[in-house]
Amino acid sequence: MKNLRWIALSLLLSGAALAGLLAVTFTPETRAYLGRVSIAAILLALGFQAASYLCRVVRLRVLCRGLGYTVPFPALTLTLFLSLFAGSITPGQVGGEPVRIHRLSFSGLAVGDATTVVVVERVLDLVVFFSLTAAALLSLRHLWGYLAATVLYPVAAFLVLVLVLILLLIILIRHPSFMKRAVGGITTRVLDRCSRSRRWLRFCPGAGDAGSLEARIDHEIEAFAAGFSRFVRGGRRALIGALLVTIFEWISIFSVASALLVALGLPPSLPESFLFQGILQMIADIPLIPGAAGISEIGAATLYRRIVPAYLLGLFVVLWRLILYYSNIPLGLIAGVLAARERSGETGEGDPEPRHTKNL
């Protein structure tokens with residue numbers, strides 16, 4: 001029920017923003033232009049989005065193999081779409097990481113190793129899309145004044161957030177004992193709250209054995225630090241492979257907008273579009289509203305009005321949002337149904353125990 005409320009809120013905000021944009025920009029020129037929209041270019045945009053999905057699944061597999069695990073493609077595909085769904089209905093897409101960690105641990109990875117894979121994914125994403133955005137920014141100096149007046153503060157907030165998270169990550173990796181104390185303190189407070197309230201007890205299945213749970217948390221933190229060390233020292237081939245796949249992934253994601261520009265009979269404007277996509281991704285990653293609903297639509301309209309005529313602006317933003325955001329929700333729901341069937345099948349009479357995994 002709570003998930004349904006998040007879905008309804010994100011769809012309501014996004015739908016209201018899109019409806020408002022269409023109402024403001026839809027003119028007789030727009031109506032006359034609808035028949036000239038290129039279906040082939042829209043299919044190309046969908047192909048870019050599908051390619052980005054494939055790249056993410058391949059990257060997950062490469063990183064898992066770098067830690068010595070072989071996870072089947074179907075399981076990784078379910079993991080991807082479930083995490084994309086969670087990210088689409090949570091502020092800053094923060095819900096996607098816990099879902100990936102849980103699903104990877106369900107597939108056989110230790111929780112610490114699953115966390116390592118997800119953190120490395122995030123670091124690679126930041127490196128690649130920052131590099132693409134910076135390269136586009138350097139090639140478009142004439143837009144600096146306009147960008148400073150429109151999106152300076154959200155981008156600056158994102159950069160500060162990223163720098164803080166990277167600093168915390170470095171501290172936690174170099175000093176696992178600090179991570180143990182921090183996580184242990186949070187765990188102790190949560191378990192104490194759970195033990196004093198029946199309402200909270202159902203969320204804390206380990207509250208009755210706090211000592212064992214804390215020992216397992218310490219073990220997984222050590223596994224997380226060791227996994228990172230393995231990547232740095234011996235997993236360079238996996239990291240290089242994952243980096244190359246990540247480059248293709250972000251090029252595919254950023255190219256969706258350019259394909260849609262072509263679909264509307266406009267130049268692809270690759271440098272401008274890559275720059276705008278990078279900025280919009282930064283804004284979407286700031287944890288404010290589920291799925292960045294409303295913010296993404298307004299941000300896209302603000303940026304792309306430089307290269308898209310007013311009478312096509314609303315139509316462009318609608319198509320862009322449908323492909324990059326709305327497609328994740330039905331795919332995530334389908335993945336959720338398949339995951340539920342998978343779990344019910346594994347806990348049925350023929351196989352009473354779930355697959356072996358070091359999961360909390």
Side-chain angles (χ1 to χ4, degrees), residues 11 14-57 80-81 84 88 128-129 132-133 135-136 139-140 142-143 146 247-281 283-284 291-332 334:
L11 291 180
S14 180
L18 291 176
L21 275 174
L22 279 178
V24 170
T25 62
F26 199 88
T27 66
E29 286 181 281
T30 309
R31 188 179 298 107
Y33 209 88
L34 289 177
R36 289 184 278 169
V37 174
S38 172
I39 301 301
I42 292 179
L43 292 176
L44 178 62
L46 290 170
F48 282 132
Q49 178 72 337
S52 73
Y53 290 148
L54 178 61
C55 287
R56 292 182 184 186
V57 175
L80 171 68
F81 288 127
L84 288 175
S88 297
V128 172
F129 99 75
L132 291 174
T133 305
S139 66
L140 296 168
H142 63 281
L143 290 178
Y146 172 71
I247 293 172
F248 285 116
E249 172 201 340
W250 282 103
I251 289 176
S252 298
I253 293 173
F254 285 5
S255 297
V256 169
S258 292
L260 291 176
L261 291 175
V262 173
L264 297 178
L266 302 171
S269 303
L270 285 173
E272 293 87 351
S273 194
F274 272 42
L275 174 60
F276 296 161
Q277 290 298 300
I279 293 172
L280 290 170
Q281 183 62 43
I283 295 173
I295 297 176
S296 291
E297 290 81 2
I298 295 172
T302 301
L303 293 172
Y304 276 93
R305 68 180 182 180
R306 300 279 300 186
I307 58 177
V308 177
Y311 65 92
L312 292 177
L313 187 58
L315 182 59
F316 167 78
V317 175
V318 168
L319 291 173
W320 172 73
R321 199 66 167 143
L322 282 174
I323 293 176
L324 286 183
Y325 171 67
Y326 282 97
S327 62
N328 293 331
I329 294 177
L331 290 172
I334 294 171

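Note: hydrogens, waters and symmetry copies are ignored here, and every other heavy atom, side chains too, is used.
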Query - Pairwise side-chain hydrogen bond (donor to acceptor under 3.5 Å, both in side chains) hits with a residue in residues 18-27, at least two apart - result: T27-T30
**Report entry** Pairs involving residues 31-43, ordered by first then second residue, that meet side-chain hydrogen bond (donor to acceptor under 3.5 Å, both in side chains) (sequence neighbours left out)
**Finding:** none
Please name the pair of heavy atoms, one in [X] and one in [Y], separated by the smallest distance, quoted to 0.1 Å.
X    : Y    : result
V37  : L315 : CG2-CD2, 4.3 Å
Y53  : S327 : OH-OG, 3.2 Å
N328 : L324 : ND2-O, 3.3 Å
A301 : L313 : O-CD2, 3.6 Å
A263 : I42  : CB-CG1, 3.8 Å
A300 : V317 : CB-CG2, 4.2 Å

For a 4.5 angstrom cut-off between non-hydrogen side-chain atoms, does [X] reach [Y]?
X    : Y    : value
L21  : V318 : no
P309 : L266 : yes
L132 : I251 : yes
V128 : F248 : no

Among residues at least two apart in sequence or on other chains, which ones pass side-chain contact (heavy atoms from CB on, under 4.5 Å) with [X]?
X    : answer
V262 : A41, P268
A45  : V256, A259, L260, I323
S52  : Q49, E249, S252, I253

Mind checking the [atom1]-[atom2] spacing from [X] to [Y]? Nearest 0.5 Å is all I need.
X    : Y    : atom1 : atom2 : answer
R56  : F81  : CZ    : CZ    : 9.5 Å
I334 : I329 : CD1   : CD1   : 12.5 Å
L84  : L331 : CG    : CG    : 8.5 Å

Per-pair distances, 0.1 Å, donor-acceptor, side chain in residues 270-278, under 3.5 Å, sequence neighbours excluded:
from, atom 1, to, atom 2, distance (Å)
S273, OG, Y304, OH, 2.7
Q277, OE1, W320, NE1, 3.1
Q277, NE2, Y304, OH, 2.8

Query raised in the report: Can you check whether S255's main-chain N or O pairs, donor with acceptor, with S258's side chain at less than 3.5 Å?
Result: no
